[in-house]
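Structure first, commentary second.
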Amino acid sequence: MREIDVTRTHDSASRAFPKEAAPMIEMRQVEKFYGPFHALKGIDFSVTKGEKIVLCGPSGSGKSTLIRCINHLEPIASGEIVVAGHRLSDSQDAVDAVRREVGMVFQQFNLFPHKTVLENCILAPMRVRKLSRAEAEETARKYLERVRIGDQAAKYPAQLSGGQQQRVAIARALCMEPKAMLFDEPTSALDPEMVKEVLDTMVSLARDGMTMICVTHEMGFARQVADRVIFMADGEIVEENAPDAFFSNPRHERSRAFLGEILAHH
Amino acid sequence: MTLDFSVVADAWKSLLFGALGTLFLAFSGMVIAMVVGVTGVVILRMQMRIPSLLVTLFVEIIRNTPFLVQIFFLFFALPLAGVRLNPTVTAILALGLNGGAYAIEIIRGGVESIPKGQTEAGLALGLHKHEVFRLIVLIPALRAIYPSLASQFILLTLTTAICTSISAYELTSVGQRIEAETFRSFEVYFTLTSIYLVISLVTMWLLAALGRWAFSYPQR
């Protein structure tokens, strides 16, 4: 059951997108360990500009670890990661270059509690992109409007609902004008009634052409916006397919079992 | 036995200045303790072997020796190293270093209580480690441990009484002088006790107000 599907290559991506488009994110033979635990085993995949990828799989399969390697929140043991032309290494310059291009949204929102919504959004643009306060505020207001939360700019995170906080977190990441966005289970910590407002924001972001990798179990979202669904298990990419094909006709035993589990109650 | 508080009343000016001296020692000591505390935690966080070891050693020495010995040590050791400071400055230094060692432990606990996600969010936005600490972690960490820090600082305020041993200018030394001149021990120490109580309560109130001002953002 460890055999990897041979149809899962970069061909499917290059068929859908022009060959000359350089990959936005590329991982080659990435290995990652936590002590003796082999968390990522020879991960190979690439994402072209504007592509939307949904990463799913059972817990502990390495999907969060994978996207956290892309912006070096987790260092890798071996292999190669290239983001928007920047080759990632342990050097601070390489890490800086990659993080400037990639935004990240977390399961727990991780807004800074002692700063207002607006201050959350302007901190990094002023520090990292060296924008003036006026420029940073203008950008922040633009993206806060875009996630439909412009009227809450002066509030503190604790005064917002979970869904609002996650939308602010998305706006905060967008304020850095990233070329790609990583979502690490963005709706898993939300009350059910707030999932939709966050997914709607992500769908509209996808429609605007943002390159996205989302770790999520929201299969409706996957069907709606994903170009490819990647299924992971035990630190490996087991199956990679268009969403319709993945859901209607999963090729792999483990994918079938997983879909059985999560779709049982939908 | 008759009580005669008139001798104490006659010395009200000295007592007032003594109390001000105590407050001066206490607040200067707190400022230094705060600086030592934050600096110590910053050094520990750099995770470099020798500096971390030195900070740990400092904390353990201070926490496992009496303050009275520490202040005498500073008072007599500094001149040997060619540093001449007057008793009040030595006392402030001793209070600051002593309070700082405890503050390091307290603040470190606060920093460790901040969820890792806060740091990760800062790093993912492209901030560097030191910026993440200063701009993102520090304020919520201080807020988390502020009550402990404040009670440590009240303790520091009361510890100023020991500074009388190197004849720093503060309330207890003033009281001792009045006692030596008048032999009215009970009246003098009763008055000192009352004044210390007021100083403590006022300091507590000031620290609480400072906390409310500095950490005014709503808690989740």
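Because only heavy atoms are used, hydrogens play no part in the values below, and waters and symmetry mates are left out as well, while side chains stay in.
- Under a 3.5 Å cut-off, the side chain of A/His86 and the backbone N or O of A/Glu101 do not form any donor-acceptor pair.
- Within a 6.0 Å sphere centred on CD of A/Glu135, heavy atoms belonging to other residues, nucleotides or ligands number more than 12.
- Between A/Asp184 and A/Lys63 no salt bridge is recorded (no basic side-chain N to carboxylate O distance below 4.0 Å).
- Heavy atoms of B/Glu131 lying under 4.5 Å from chain A belong exclusively to its side chain.
- Scanning residues 134-164 of chain B against chain A with a 4.5 Å non-hydrogen threshold yields B/Arg134, B/Leu135, B/Ile136, B/Ile139, B/Pro140, sorted by number.
- Proximity to chain B (any heavy atom under 4.5 Å) is shown, for A/Val98, by neither the backbone nor the side chain.
- Comparing A/Arg100, A/Arg172, A/Met176 by how many heavy-atom pairs each has under 4.5 Å with chain B, the most go to A/Arg172.
- Counting heavy-atom neighbours within 6.0 Å of A/Phe33 CZ, excluding the residue itself, gives a total above 12.
- The nearest pair of heavy atoms linking A/Cys175 to A/Ala140 is SG-CA, 3.5 Å.
- For the set A/His72, A/Arg68, A/Lys115, A/Gln108, the entry with the most heavy-atom pairs within less than 4.5 Å of chain B is A/Arg68.
- Donor-acceptor pairing under 3.5 Å is lacking for the side chains of B/Glu120 and A/Asn110.
- Contact of A/Phe112 with chain B is made through backbone and side chain together, with heavy-atom distances under 4.5 Å.
- Other residues, nucleotides and ligands contribute only 12 or fewer heavy atoms inside 6.0 Å of the CZ atom of B/Phe24.
- Taking the side chain as every heavy atom from C-beta outward, B/Tyr189 and B/Gln176 approach each other to under 4.5 Å.
- When the candidates B/Ser216, B/Gly122, B/Gly117 are compared by the number of heavy-atom contacts under 4.5 Å with chain A, B/Gly117 comes out ahead.
- Cation-pi check for A/Lys32 over A/Tyr34 is met; the charged atom lies under 6.0 angstrom from the ring centroid and within 45 degrees of its normal.
- Contact of A/Gln107 with chain B is not made at all, since no heavy-atom distance falls under 4.5 Å.
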